[in-house]
Structure formats: structure tokens, C-alpha cells
Protein chains: 2
Amino acid sequence: MARTKTFEQSEVLMKAMDLFWRKGYHATSVQDLVSYLGINRASLYHTFSGKEDLFLKALENYREINKADMLEALYSQPNAIAGIRNLFHYSLKERKDRKGCFTVNLTAALMADDKHLQEILRDNQRDFEKIIFDYLKSGEVMGEFPKGKDLRAIANLLYTLYNGIQVISKIEAAPSRQMEAVEVVLQLLEDK
Amino acid sequence: MARTKTFEQSEVLMKAMDLFWRKGYHATSVQDLVSYLGINRASLYHTFSGKEDLFLKALENYREINKADMLEALYSQPNAIAGIRNLFHYSLKERKDRKGCFTVNLTAALMADDKHLQEILRDNQRDFEKIIFDYLKSGEVMGEFPKGKDLRAIANLLYTLYNGIQVISKIEAAPSRQMEAVEVVLQLLEDK
DNA sequence: ATATTTTTGGAACAATCATTCCAAAAATAT
DNA sequence: ATATTTTTGGAATGATTGTTCCAAAAATAT
């Protein structure tokens, strides 16, 4: 039988995700990856087939983690409004190193002719909005806020807000400023 | 006396802005610039001192144009609410080629250690929010919407919304979806 | 211990990166 | 027309890009 790998593939993928997250695709060289991941050049090409493939795997990895974190942030709260608030609060705390959000960064860097990434990012948007919509819907059923609101439109607004906040978190120091914006929108749910 | 340039510096700068806007800094090579601008390599280095300098000048150029466009979009309208609506409508129409917004793209691509760009982008944010705030303030004085609202917070929210919308415009087909989000926020101004 | 299989280190690859340099061309002032 | 000054074309720079290749090392199965 053959020799076993000396590194844990999932750990390396996590590091690759971190580096691509911080620097983006084009500003990250294979040399950067080799140094940061701590594995050999040949191992990188053997395990993942190249820079682009590694990037796509890092992106998938991010999406899975982010989705789980999102559900956790929402459903750990006693009601819908607190859940939404916590979702944003959580995602802003996370940004200790000002990386923003992987997928938001990627969307902003998207070039118009990149149909593949475009499709992945659209899929990501659908996921996000569906999670929010379903969550709001269950909150509405539970009577946590007045009925009759356009939850589809609010989910869309929250996704837009999330993108904006993640972008601004890269230059804005205080998360409290951004939470202000969240609170303003949350009033839309509460009022009636 | 000496020979005169065969190209208009401002036109070349406009093209450079367009290319950096579409592709971002790292994905744009000097060769790309030489081809797209239609000027010689040496001319590029003689006129602008290098890639980074040209980028910064393109960024300044964008900020000036964008600011003028913004003021025009706002103050061409009969009242504050129509002005804000038009601002977003205008910026979404513009995106025929899905470039998003230069400064938003740049903010999302910002690396945490780039203090210079960070300062420029913060300055840009201050500009934006001040323009919006002053505009809303004058609308309030004119009695175009109920007094007593936190216009500072609303200006901040609108900036966040602008960033989010510009990001999403790169993957979302219909501007109408994004205008929906704008309308939801505009209700905040209209409602008592 | 030997055979087998895979990882690993590092050299080597051609292509591209941003930048510099120089001689030739061009355009105005005298 | 000649002198002067700047642009221009294109070659050349050395560094870095992503990727491949190969021999040596390592680890398990027999």
C-alpha cells in the first residue's frame, strides 16, 4: 500500500479559503498558497488540480460553513426579529480581520463574461433569500410580527442590506454604525 | 518647441477607468491597458507614471464623475423622495454592462493592510453620506416628508443600500427587483 | 525485508508580469 | 531649413506567473 498524506485535506482547504477570502483570486499567487498552506507545490497540484480548482473548492467550503452559521444565528433566537438582528450582529462580529464576506467580495469582483461564477453566485443568492423568507414566514405564522407584509420583498431587501454591510465593514470601523442600518430596516417588520 | 501628444489625456484616462472598472486592479495587466487605451507603452509610463498611479488617477476621475452624476440625479427632481428614487434608478440604468460601481467594487476588493486606499474609500463614503444628508435635510425643511426622522441614520442606510444594490447588480438581471428594495426603504421617509 | 504506491522537495518550464531603455519619428520655434 | 524637445515603437529587462516533471523519500501490505 501507499504512503498516506501528511496533511489533512480539510484543514488545507480551510487555509486556502482564508487566503482567497482575504486577497481575492487574482491577488493570490500559487506561491502565496504554497507558503500559507504549508504544503508542497506538487501536493497542491496533486490533491487539488490547480489554482482555479482550489479556488472553487474553497468557495464551496465557504458556502457550506456560511449557510450553517446563518441557520445557527437565526434559529438560536427566540423570535424572528431577534434572529435577523443576530444574523447581522454575528456576521459583523466575525469580521475581526476585515475580510468581509467571501461571496460578497467575489460578486463585486465578478466580470461580466464569467458565466460559471455568475451561476454559482446566483445560486448562492437564491439560497440566502430562501432561508430568510422561510424564516420570516415561520415567524409570521407564530405571530411574532404583523401579518400581511411582503416577505419576499423584505427578504430581498435583507439580502441587499447584507451585501452592503459586508462591503462597508471593510472600511468602517464601528459595527454599531452598521447595526443602526439594520435596526432601521427591522422597524419595517415591527411597525404596522 | 516640442512635439505635442497625439492623444487626449482625459480620453485615455476615461478608457483606463473603464477597464479597471470592469476588471479590477489585479486582473488588469499593463498589456491590457496598452491594447485598450490604444497608446504606446512608453507613452503610458511617460504620461502616467505606472500602473498604480494610473489606477489612482482613474479612481479620482471616477469619483468626480460619479459625484456630479449623483448631484444631477438628485437635484433634477421635484422633491426629496423622487430624488432618492431617481438616484438609484439612474445608477441601475447605467449598469448596462454589469460593471457595478467602481468604488464599491474596490471596497469589496480592499485588503486590510492597504491603508492608503482605505483612507480614500472612507473619504468617498463621507462625501456620499454628506450629499445625501444635506439633500434630505433640505427636503425636510421644504416639508416634503414628516420632520423628526433620524436623517443621519437614513443617509447611512441609503449608503449601505447603494453598496448592496451595486454588488447585486452584477448578478441580478432585473433592475426592478432592486428598485423594490429601494421602495421599501423610501417608505421609511414617507411614513409618519 | 522487499515490493508497491504515493507524497514530497525542488528544479525547470514557457508565459506573462510591470518597468526601463534607446533610437527614430514628429512637431514646433527660430 | 535647422535646432530643439517630446512622443513613439519596439526590443529588452528581470521578476513572477501557473504548471509540469522527476528522482528521492516515506509508508503500508505482503
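Letters go in sequence order (proteins before strands), and every chain restarts at 1.
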Original post:
Mind checking what makes side-chain contact (heavy atoms from CB on, under 4.5 Å) contact with B:Ser29, not counting sequence neighbours?
Top reply: B:Gln31, B:Asp32
Subject >> Common cluster, A:Leu56/A:Met111, ILVMFWY with side-chain heavy-atom separation under 4.5 Å >> reply: no
Original post:
Over how many whole Å does the gap from A:Asn40 atom CG to D:dA26 atom P extend?
Top reply: 14 Å
Subject >> Euclidean distance, atom CG of residue A:Asp53 to atom C1' of D:dG18 [Å, nearest integer] >> reply: 13 Å
Original post:
What base-paired stems does DNA chain D take part in, with at least 3 consecutive Watson-Crick or G-U wobble pairs and both distances under 3.5 Å?
Top reply: C:1-12 with D:19-30, C:14-17 with D:14-17, C:19-30 with D:1-12
Solution key, residues 100-108 of chain B side-chain donor-acceptor pairs under 3.5 Å, sequence neighbours excluded:
residue	atom	partner	partner atom	Å
B:Asn105	ND2	B:Lys99	O	2.8
B:Asn105	ND2	B:Cys101	O	3.4
B:Thr107	OG1	B:Thr103	O	2.7

**OP:** Using whole Å, report how far CZ of A:Phe48 lies from P of D:dT19.
**Re:** 14 Å
Subject >> Charged tip of A:Lys51 within 45° of A:Tyr25 ring normal and under 6.0 Å >> reply: yes
**OP:** In whole angstrom, give the distance that lies between atom NE2 of B:His46 and atom P of D:dT5.
**Re:** 14 Å
Subject >> Sole residue of B:Tyr62, B:Phe55, B:Phe48 in ring-ring contact (aromatic ring centres under 6.0 Å, His included) with B:Phe20 >> reply: B:Phe55
Subject >> nucleotides 16-23 of chain C: protein proximity per nucleotide (B base, S sugar-phosphate only, - neither; heavy atom, under 4.0 Å) >> reply: -SBBBB--
**OP:** Would you please say whether a donor-acceptor pair under 3.5 Å links the side chains of A:Glu129 and A:Gln125?
**Re:** yes
**OP:** For B:Ile39 and C:dA25, give me the distance from atom CD1 to atom P, rounded to whole Å.
**Re:** 21 Å
Subject >> side-chain contact (heavy atoms from CB on, under 4.5 Å) involving A:Ala109 - partner list, sequence neighbours excluded >> reply: none
**OP:** Return the set of residues passing side-chain contact (heavy atoms from CB on, under 4.5 Å) with A:Glu60 (not counting sequence neighbours), or none when no residue passes.
**Re:** A:Arg63, A:Ile120
**OP:** May I ask you to evaluate whether B:Ser43 reaches the phosphate of D:dT7, defined as a side-chain N or O under 4.0 Å from OP1 or OP2?
**Re:** no
